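Below you'll find the structure, written out as structure tokens, and then a few comments.
All values derive from a computational prediction rather than experimental measurement. Keep in mind that the numbers below use all heavy atoms, side chains included, and drop hydrogens, waters and symmetry copies.
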Amino acid sequence: MTLPDGRTVHVDCRGRGSPTVVLESGIHDSSDVWSLTRTEPPVPASPATLPGIARGARVCTYDRPGTIRYTTPPTLTDRSSPVAMPRSLPALVTELDQTLTAAGEKGPYLLVGHSFGGMITRLYAQTHPERTAGLVFVDAFGPEIRDALGSDWPAYARLVNRPGVAVEKDPGFETIDLDGAMAAVENGPRLPSVPMAVISKTEPFEVAPGTPTALMNAVEAAWPRLQDGLVALGPNTPHVLATGSDHYVQLHDPDLVTSTVDLVLNRAREMRTDPSGGTPPDGPAAR
């Protein structure tokens, strides 16, 4: 798709229905992460998240510039035009909106954000409430992490932008102004009253060799507080624990992500037919 500034963005849309589900990858990840799985026995083979959702809904995902294609060996995507780094969160929100418009996908959208992708979908919902039908946070990032980490935050912010992968030496590798992103969410408008769900990992992060153990111990200790903060964003928000999964829940348990998206999708459709109705408190593995 071609954006107003002439850049091209790779978009993959499948299925039928409304509202359209939008899958937003975490920092450095291309759209590939929604089409892959890492399920292991005794979990039976199941469709990846993107085709799984497409069986019952319209769903789109896209490559942000500078993100990693999971090829052998991994490379930066050449399917979307490069841009200068680092990027701001408001610019990423604008790019998402322009991408959906260029693709002819009319809102409102059910926004599914993994990791830092949850910051993009969150600010999108704050900025475009009329185009937001619901939110699903998949082990997502949030501004609460800065206060939870305290003095460890600067080191973690550097690690998020430079995680220790070979392709980060490329000047086009995606990096983000994280402190500016925190401020954009914290100072932005209130979230709209839409159905939400939060999916959280139960296993430690996978990190590159040489990553400071003490820093990651601090991150692991702070992560539940961050997830609880996401749950508190809306009433009757199911908190789904992805038992046995690390940070990449969409790879380890795509069925869980798909079923949670289906739950929020159904609630969003109910709200469109009965705007005065509340959302029920129950959900898959909710607590």
Check for me whether Lys201 meets the cation-pi criterion with Phe205, that is, NZ or CZ under 6.0 Å from the six-membered ring centre and within 45 degrees of the ring axis.
yes
Shared ILVMFWY cluster between Phe116 and Leu233, side chains joined below 4.5 angstrom?
yes
Ring pair (Phe, Tyr, Trp, His ring centres under 6.0 Å) pairs touching residues 48-86, sequence neighbours excluded, are none
Using a strict cut-off of less than 4.0 Å between a Lys/Arg side-chain nitrogen and an Asp/Glu carboxylate oxygen, indicate whether Asp97 and Arg131 qualify as a salt bridge.
yes
Residues His252 and Asp246: side-chain donor-acceptor under 3.5 angstrom
yes
After noting the C-alpha distance and the side-chain angles of Arg272 and Ser18, does the key distance pass the side chain to side chain donor-acceptor pair (under 3.5 Å) rule?
CA-CA 11 Å; Arg272 292 171 71 184; Ser18 178; 3.0 Å; yes
How close do Leu92 and Arg87 get, heavy atom to heavy atom, and via which atoms?
CD2-NH1, 3.3 Å
Return the OG1 to CZ distance between Thr99 and Arg64, rounded to the nearest 0.5 Å.
10.5 Å
Show the nearest heavy-atom pair for residues Ile145 and Ala222, with the distance to one decimal.
CD1-CB, 4.0 Å
All ring-ring contact (aromatic ring centres under 6.0 Å, His included) counterparts of Tyr156, not counting sequence neighbours:
none
Shared hydrophobic cluster for Val194 and Val231 (ILVMFWY, side-chain gaps under 4.5 Å):
yes
Salt-bridged, Glu186 to Arg146, with N to O below 4.0 Å?
yes
In terms of heavy-atom contacts, Pro163 and His28 come closest through CD-NE2, 3.7 Å
Asp147-Trp153 side chain donor-acceptor pair, cut-off 3.5 Å
no
Quick one, Tyr109 with His128, criterion ring-ring contact (aromatic ring centres under 6.0 Å, His included). Give me CA distance, side-chain angles, the key distance, then yes/no.
CA-CA 10 Å; Tyr109 312 109; His128 302 290; 9.1 Å; no
Distance-only polar pair, side chains of Thr258 and Arg55, donor-acceptor under 3.5 Å:
no
Minimum heavy-atom separation for Met85 and Pro65, please, with both atom names.
CE-O, 3.6 Å
Using a strict 4.0 Å threshold on nitrogen-to-oxygen distance, state whether Arg79 and Asp32 make a salt bridge.
yes
Is there a chain of hydrophobic side chains (I, L, V, M, F, W, Y, each step under 4.5 Å between heavy atoms) that links Leu89 to Val83?
no
Any luck finding a side-chain donor-acceptor pair between His239 and Ser200 under 3.5 Å?
yes
Just how far is it from atom CD1 of Ile120 to atom CD of Glu95, taken to the nearest 0.5 Å?
8.5 Å
How long is the gap from CD1 on Ile199 to CG on Asp139, to the nearest 0.5 Å?
9.0 Å
Option passing side-chain contact (heavy atoms from CB on, under 4.5 Å) with Val264 (candidates Val21, Leu111, Leu135, Val136):
Val136
To the nearest 0.5 Å, what is the distance between OG (Ser88) and CG (Leu178)?
11.5 Å
Do NZ/NE/NH1/NH2 and the carboxylate oxygens of Arg162 and Glu174 come within less than 4.0 Å?
no
Spacing of Phe137 atom CZ and Leu226 atom CG [to the nearest 0.5 Å]
10.0 Å
Interatomic distance, Thr121 atom OG1 to Met196 atom CE [nearest 0.5 angstrom]:
10.0 Å
Can Asp63 and Ser31 be counted as having a side-chain donor-acceptor contact under 3.5 angstrom?
yes
Scan side-chain atoms only and decide if Asp12 and Trp34 contain a donor-acceptor pair under the 3.5 Å cut-off.
no
Can Ser81 and Thr8 be counted as having a side-chain donor-acceptor contact under 3.5 angstrom?
yes
